[in-house]
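Below is one structure, written out as structure tokens; comments come after it.
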Amino acid sequence: MITPLLGTSFIGYSRSTGTVVCGRAVTPGTGVTLEPGYLSATPEEVERAMSLAAAAFPVFSNLSGKTRAGFLRAIATEIENVVEDIVERGPLETALPEARMRGETGRTVGQLRMFANLIEEGSWVDARIDRADPDRKPIPKVDLRSMSRPLGPVAVFCASNFPLAYSVAGGDTASALAAGCPVVVIAHASHPGMAEIVGAAVVRAARLTNMPEGVFSMLYGGGRNVGQAVVKHPVTQAVGFTGSRAGGTALMESAANRPQPIPVYAEMSSINPVVILPGVIERGEEALAEGFFGSLTLGVGQFCTNPGLVFMPADRGDAFLAKLKSLTEAGTPGMMLNSTICKSYADAKAFVAATDGVETLACCASEAGPGQGSPAVFTISIKDFLRHQALQHEMFGPATLIVRGSLQEIEAAITNLEGQLTASLHATDAELAQSTGLVNALQQRAGRLIFNGFPTGVEVCNSMVHGGPFPATSDGRSTSVGTMAIYRFCRPVAWQSFPDAALPPELQEANPLGIRRME
Ligand code: NAP
């Protein structure tokens, strides 16, 4: 290990001195605990991290995009320098295989460099210019210029299911830093060593690129204790979160009840409906079942885009269901991220199986070992589905519920679905042409519409939308993946009648940065 694991928080450029052990990493399945014990940040240390973030904000937010881009690229390089540490520690803490560790490291550094390119180029600030017209009648027009500016320090909660790409230096942190916001990370108890490895890399990068102290801190002690204190702290101006609906809504409540309410961008719960129309079933049921099963079981179903709900005609698809049954029965149990997630998954499956009207189509024939989750497929008629709102709750694992009814019933049921990250439509071109109402209903409920494909696999790019109406996220106007994620941590500011030299360069008459502007 290049990175010494000390078990302490990063408070700006110092390490914490707390003495209360709040947890140790536990290897899923074996239950073996790993050293070191992680020490909870004290209230004084939380206060120090917040006051450093407050002091860093005016400096950091006024650095040029090019300088901040240098910091993001340095983080990416420092993470790459410790990839062997990640590969050594990660599988012990998460049961995720080495290939996933390497792949997720690649995605993480790719995201950091994507945001670096965005802010170096500079046009993302959405500069708008309305020049003065003193001769306008009946009243003169003033000079008005606007652009996006950072909100202030951001609290980022690490995700259990993306220990790199949505944790310490993941998408929320990268987009907040890119916007010009200092970040205070709350480490997840499931992978504290990974957090320390990446946190140390971020701090090295901050020092190497001369960032103001407090641009980054990372705290141990859990969300309910330390995390709540950060969210309620007056310095914090926004929150990024990926996790459970209960956790996300608790943070929304805390943020809304502050003397100054602040936005929470929580990605919580989505069952990602897949609608299959008759023409596609006739085209090849077995291949469809194989594609669907691959998406369902990817990463032991522990993705926010897992397809947990299928709508299909009541009178078709017997071969699709037969194939799905045989794939499920022959499937293999997989190790889940931690014992809590494993138990929640088992409980969620048991709840669905026991719900009136639900039939178990198939369960994995192999018995799940300790810490493992196995695939399962349930079916229900659409009439019964509509009687049980709780069937819309996420089963976080490789299980799905197939709902069967007429096309009219399916469209009506979709109108009443909770908000989703994705909605997939399997249809022939002719069916698509006749499905305007259905597509509109799906678009009302989801952030990303997929045609003849499956929802897992989220491309990180400019046009990705990884968001959706509640409870998929707390704010359906946003995305947590892709360059648009930066706007979560900004607000528009207008300058009226300012002398040119006093304007930010983005708004100056000569456009010295050469960015795209609306003028
Ligand atoms: P979680 O229980 O919501 O925890 C995530 C983070 O939020 C942890 O740091 C936790 O801290 C904190 N937290 C939880 N409740 C809080 C509260 N009331 N106030 C402040 N902070 C709070 O999620 P998880 O541990 O990652 O997984 C649990 C379940 O969440 C899964 O079984 C799954 O159902 C769901 N999940 C969904 C997604 C998705 O993308 N859809 C992703 C991950 C998890 P503590 O250590 O103090 O609890």
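When a ligand or atom number is given, it counts from 1 through the structure's own listing order. One-based numbering along the sequence shown.
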Interatomic spacing from [atom1] in [X] to [atom2] in [Y] - rounded to 0.5 Å:
X      : Y      : atom1 : atom2 : result
Ser424 : Leu449 : OG    : CG    : 8.5 Å
Ser51  : Ile11  : OG    : CD1   : 10.0 Å
Ser190 : Asn161 : OG    : CG    : 10.0 Å
Leu421 : Asn306 : CG    : CG    : 11.5 Å

Begin from the C-alpha positions of Cys363 and Lys349 and carry the test side-chain contact (heavy atoms from CB on, under 4.5 Å) through to its verdict.
CA-CA 10 Å; Cys363 282; Lys349 274 199 301 186; over 6 Å; no

Would you say Gln111 and Ser175 are linked by a side-chain donor-acceptor pair, where the criterion is simply a distance under 3.5 Å?
no

Who's the nearest protein heavy-atom neighbour of [atom], and how far?
atom                    : answer
atom 7 (O) of ligand 1  : Phe241 CE1, 3.2 Å
atom 37 (C) of ligand 1 : Gly243 O, 3.3 Å
atom 40 (O) of ligand 1 : Cys304 CB, 2.9 Å
atom 19 (N) of ligand 1 : Gln228 NE2, 2.9 Å
atom 26 (O) of ligand 1 : Ser160 OG, 2.6 Å
atom 41 (N) of ligand 1 : Met268 O, 2.8 Å
atom 25 (O) of ligand 1 : His188 NE2, 3.0 Å
atom 14 (C) of ligand 1 : Arg224 NH2, 3.5 Å

Just distances here: any N/O of [X] and N/O of ligand 1 closer than 3.5 Å?
X      : result
Gly223 : yes
Phe396 : no
Thr242 : no
Asn338 : no

Only heavy atoms of [X], strictly under 4.0 Å: list the atoms of ligand 1 that pass.
X      : value
Asn161 : 40 (O), 42 (C), 43 (C)
Ala250 : 17 (C), 18 (N)
Glu267 : 40 (O)

Test log, rule side-chain contact (heavy atoms from CB on, under 4.5 Å), inputs Val168 and Phe216:
CA-CA 10 Å; Val168 178; Phe216 173 84; 3.6 Å; yes

With Arg24 as the cation and Tyr38 as the aromatic partner, state whether NZ or CZ is under 6.0 Å from the six-membered ring centre and within 45° of the axis.
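No, Arg24 and Tyr38 do not form such a contact.
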
I need the minimum non-hydrogen distance between Pro273 and Phe311, along with the two atoms involved.
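In terms of heavy atoms, the two residues are closest at CB-CE1, 4.2 Å.
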
Taking heavy atoms and a distance under 4.0 Å, where does Glu394 meet ligand 1: side chain, backbone, both or neither?
side chain

Taking Tyr220 for its side chain and Pro192 for its backbone only, find out whether a donor-acceptor pair lies under 3.5 Å.
yes

Is there a donor-acceptor pair under 3.5 Å between the side chain of Arg102 and the backbone N or O of Ala99?
no

Would you say Ile341 touches ligand 1, if touching means a heavy atom closer than 4.0 Å?
yes

Whether Tyr345 lies under 4.0 Å from ligand 1, heavy atom
no

Extract all donor-acceptor atom pairs below 3.5 Å that involve side chains of residues 221-238 and protein atoms in other chains or at least two apart in sequence.
unit_1	atom_1	unit_2	atom_2	d
Gln228	OE1	Ser254	OG	2.6
Gln228	NE2	Ser254	OG	3.4
His233	ND1	Val235	N	3.1
His233	NE2	Glu47	OE1	3.2
His233	NE2	Glu47	OE2	3.1
Thr236	OG1	Val230	O	2.7
Gln237	OE1	Gln260	NE2	2.8
Gln237	NE2	Pro234	O	3.2
Gln237	NE2	Val235	O	3.4
Gln237	NE2	Gln260	OE1	3.2

Relative to atom 3 (O) of ligand 1, which among Ser244, Ala187, Gly222, Ala189 owns the nearest non-hydrogen atom?
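Looking at heavy atoms only, Ser244 sits closest to atom 3 (O) of ligand 1.
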
